[in-house]
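Written out below as structure tokens is the structure these notes cover.
Both ligands and their constituent atoms are indexed starting at 1 by order of listing.
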Amino acid sequence: MSDPRLYVALDLPSIDAARQMVETLGDSVMSYKIGLQLLPLGGAEFGRELATQGKNVFLDFKLHDIDATVEKATRSIAGIGADLLTVHARPDVMQAAARGRGDSRLKILGVTVLTSLDEQALIDIGYHHNAEELVLHRVRQAMEAGIDGVVSSPLEAAKIRAMVPDEFIVLTPGVRLAGHDQGDQKRVATPAAAIKAGASHIVVGRPITQANDPRAAAEKITANMRS
Ligand code: C5P
């Protein structure tokens with residue numbers, strides 16, 4: 001039994017490996033995220049293939065460029081038939097993406113603060129806000145820009161949910177079952193905790209794609225999400 005709110009991150013070395021993973025997961029997963037590892041290898045075309053099969057497709061481009069380029073890139077991406085696209089949550093970038101998607105079905109999400117960054121990493125980069133302040137500031141800017149939602153850590157989901165309309169998407173990576181390896185993710189929560197905190201969607205990669213039995217792992221995460 002799949003749940004459309006679970007996006008599996010296809011962070012894999014080739015399109016063949018991704019296609020194989022989609023086949024292995026079968027009807028246990030109906031939503032997929034294609035990101036920077038696969039995009040240079042034909043990931044966008046593969047996204048079109050999945051969309052044609054009726055899957056939900058999230059193209060995680062994390063766009064960040066001058067307005068005109070972001071607007072035109074978003075227009076190109078809207079033609080692929082994907083459901084979700086990420087851009088960095090800077091006001092000018094988000095506004096350009098909102099213009100670029102026009103009246104297509106593509107929804108735009110702003111990446112607030114990467115879930116691999118902790119407070120020390122933010123200081124090292126040169127930010128004067130802590131992660132939570134920075135995330136909430138960017139959520140306000142995302143709403144002002146007229147985009148559809150944000151990507152954030154599950155740890156900030158409750159505060160975000162309290163300040164946005166119900167239909168606003170709050171999508172959280174950094175999701176792990178209790179006792180599982182966090183990898184490079186620093187700000188994590190279980191699927192159930194992420195949903196309870198107000199996440200509308202979750203993204204899970206390695207805990208599913210690197211599992212001995214990916215289908216069983218996806219089913220376990222889906223069950224946890226619904227608990
Ligand atoms: O393997 P794992 O479950 O950690 O994968 C999480 C996915 O979510 C990766 O594809 C990563 O690029 C993406 N992501 C993230 N943090 C963000 C935005 C996207 O981890 N803030």
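Between the side chain of Gln141 and the backbone N or O of Arg90, no donor-acceptor pair lies under 3.5 Å. Checking side-chain atoms of Asp65 against main-chain N and O of Val70 turns up no donor-acceptor pair under 3.5 Å.
Aromatic ring orientation, Phe58 versus Tyr7: perpendicular (interplanar angle above 60°, classes split at 30° and 60°).
Residue-ligand proximity: Arg176 is placed with a non-hydrogen atom under 4.0 Å from ligand 1. Contact between Lys33 and ligand 1 is present, with at least one heavy atom of the residue lying under 4.0 Å from the ligand. Between Pro207 and ligand 1 there is a heavy-atom distance shorter than 4.0 Å.
Salt bridge status for Lys107 with Asp83: absent, with no side-chain N to carboxylate O gap under 4.0 Å. Taking a cutoff of 4.0 Å between a charged side-chain nitrogen and a carboxylate oxygen, Asp148 and Arg101 qualify as a salt bridge.
Residue Ala9 approaches ligand 1 through these ligand atoms, each under 4.0 Å from one of its heavy atoms: 10 (O). The Val203 neighbourhood of ligand 1 comprises atoms 7 (C), 8 (O), with distances under 4.0 Å to a heavy atom of that residue. Using a 4.0 Å cut-off to heavy atoms of Leu114, the atoms of ligand 1 that qualify are 17 (C), 21 (N).
Taking any N or O of Val175, backbone or side chain, none lies under 3.5 Å from an N or O belonging to ligand 1.
Residue Val151 touches ligand 1 through its side chain alone, judged by heavy-atom distances below 4.0 Å.
Checked by atom type, the side-chain pair Asp124/Gln120 shows a donor-acceptor distance below 3.5 Å.
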